[in-house]
Number of protein chains: 2
Amino acid sequence: MNHRVQAFRELLAARGYRVTPQRVGIYEYLVTTDEHPSAEEIYRALQDRYPTMSPATVYKTLDLLVELGLVGELAFGGEVTRYDGQPDLHLNMVCLQCRRILDLPVEGLERVAQVAREKAGFQVLRERHEVYGICPSCQRVNRADPAADDQAHHEAEPSRPLEEHRPQEVG
Amino acid sequence: MNHRVQAFRELLAARGYRVTPQRVGIYEYLVTTDEHPSAEEIYRALQDRYPTMSPATVYKTLDLLVELGLVGELAFGGEVTRYDGQPDLHLNMVCLQCRRILDLPVEGLERVAQVAREKAGFQVLRERHEVYGICPSCQRVNRADPAADDQAHHEAEPSRPLEEHRPQEVG
DNA sequence: TTGCCTGCAAATAGTTTGCACACCT
DNA sequence: AGGTGTGCAAACTATTTGCAGGCAA
């Protein structure tokens, strides 16, 4: 078993939470994957191992994990909330076209929370750093086929683009 | 009229969007306030000036403003999406207790997007930096009345706390 | 005059909640 | 044994969407 999963079991116990198979399973899935799955994706992914687990349990567990500071919560307007099992402080790069989320370690990122603490006296418990734009892969596709800017179609296309608007080009 | 509102009208026209009273009103409200209002708050706040304006229009306009990069979108899991009319790059400090959102300019914050561009080749269009925790005001209240940690009651309490969980204290 | 934008109302869907039973401790 | 956590289904509600008429250009 992953050492992080073991630490999770101990943390639950220490905090007075019960160590249930569902909680362990969800946590294990999150820290194992490099993806940023939604609640529903987690639910479906664990169907095999926990056939009786309900979506409600997934939501409740995710809330708990976020509160414990073990996973990051990535909510966007109009988008499904996604979860990030990597606890290290990093930048999330959200592609508005293919909807993928890429991680990038950024040196000195911890200085931001430090400023909040020292300059504003804010007690920081969690943080979140995101940039939105076009990932390198989509940039290549767009250059190859300029019409793709509007319709979006890529190698591994998760689904529809994050945003629709665009009545006409700059006049 | 605010010069930013004037610039907004011109931007709309240049992009081929129509300059409607609703759009201008919503934009003006957002850049005028220091708050981070939700769609519904904007809707209610503009009832007097635009009695016939519908919530749908507010949502559509907000989407447009975000797409144009004129306002920031602050979505949290389970929380209403809020909007930030201040276009300058800053840190949002979200208090988990009183739900207020405070702004803080942080020197060198623009370096983050720069790293994403240079190190990862990501084309940055928007960005978002947030820390979650306890604001100085709530910290004071909690010190004065330690029991307040659970129930949350403050000077100007917007409403219920952002998070509920907490079965029992650390054992 | 053209067709984008608004307003209305219904639909959508992610998430939450209440309750009874199960199982972790 | 005790009571937290789970599962189920219904409820909730923020947000989206379709359509007809209004108004910006």
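Heavy-atom basis, side chains included; hydrogens, waters and symmetry copies ignored. Order of the sequence lines sets the chain letters (A, B, ...), proteins ahead of strands, with each chain counted from 1. The model shown is predicted, which means the values in this text are computed figures rather than measured ones.
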| message | So that I can tick it off, tell me whether A:Glu79 and A:Arg99 are bridged by a salt bridge, with the cut-off set at under 4.0 angstrom between side-chain N and carboxylate O. | response | yes
| task | Let me know the distance between NZ of A:Lys60 and P of C:dG14, rounded to the nearest Å. | result | 18 Å
| field | Electrostatic pair A:Glu28-A:Arg49, nearest N-O below 4.0 angstrom | value | yes
| said: Angle between ring planes, B:Tyr132 versus B:Phe76, binned at 30° and 60°: parallel, tilted or perpendicular? | reply: perpendicular
| query | Are the side chain of A:Gln139 and the backbone N or O of A:Ile134 linked by a donor-acceptor pair below 3.5 Å? | reply | yes
| note | note: A:Ile26, atom CD1; D:dT6, atom C1'; distance rounded to Å ~ 11 Å
| note | When rounded to whole Å, the CG to P distance for the pair B:Asp63 and D:dT15 reads 10 Å
| remark: By nearest-heavy-atom nucleotide on DNA chain D, the more 5' of B:Val19 and B:Ala56 is B:Ala56
| field | C:dC23 OP1/OP2 closer than 4.0 Å to side-chain N/O of A:Gln22 | value | no
| request: Write down the distance between CG (A:Leu68) and P (D:dG5), rounded to a whole number of angstrom. | output: 11 Å
| Ionic contact status for A:Arg82 with A:Glu41, cut-off 4.0 Å | yes
| request: Confirm from the modelled atom types if B:Arg18 and C:dC5 form a donor-acceptor pair under 3.5 Å, side chain to base only. | output: no
| Rounded distance in Å - OH (B:Tyr17) to C1' (C:dT6) | 16 Å
| task | Would you tell me if any nitrogen or oxygen in the side chain of A:Thr20 comes within less than 4.0 Å of OP1 or OP2 on D:dT6? | result | yes
| query | Is the distance from OP1 or OP2 of C:dC5 to the nearest side-chain N or O of B:Thr57 less than 4.0 Å? | reply | no
| Could you give the CG-to-P distance, from A:Leu62 to C:dG14, as a whole number of Å? | 14 Å
| query | When you look at A:Leu102 and A:Cys135, which way does the side-chain contact (heavy atoms from CB on, under 4.5 Å) test go after all the steps? | reply | CA-CA 8 Å; A:Leu102 306 169; A:Cys135 72; 4.1 Å; yes
| message | Please check this pair: side chain of B:Gln86 against backbone of B:Thr33, looking for a donor-acceptor N/O pair closer than 3.5 Å. | response | yes
| Gap between atoms CD and C1', on A:Glu79 and C:dA13 respectively (whole Å) | 13 Å
| request: Let me know the distance between CG of B:Leu74 and C1' of D:dT15, rounded to the nearest Å. | output: 17 Å
| message | Please determine whether a side-chain nitrogen or oxygen atom of A:Tyr59 lies at a distance below 4.0 Å from atom OP1 or OP2 of C:dT15. | response | yes
| task | Name every residue in residues 32-54 of chain B that has at least one heavy atom under 4.0 Å from any atom of DNA chain C, in order of residue number, or write none if there are no such residues. | result | B:Thr52, B:Met53, B:Ser54
| message | OP1 or OP2 of C:dC5 versus the side-chain N and O atoms of B:Arg23: is any pair under 4.0 Å? | response | yes
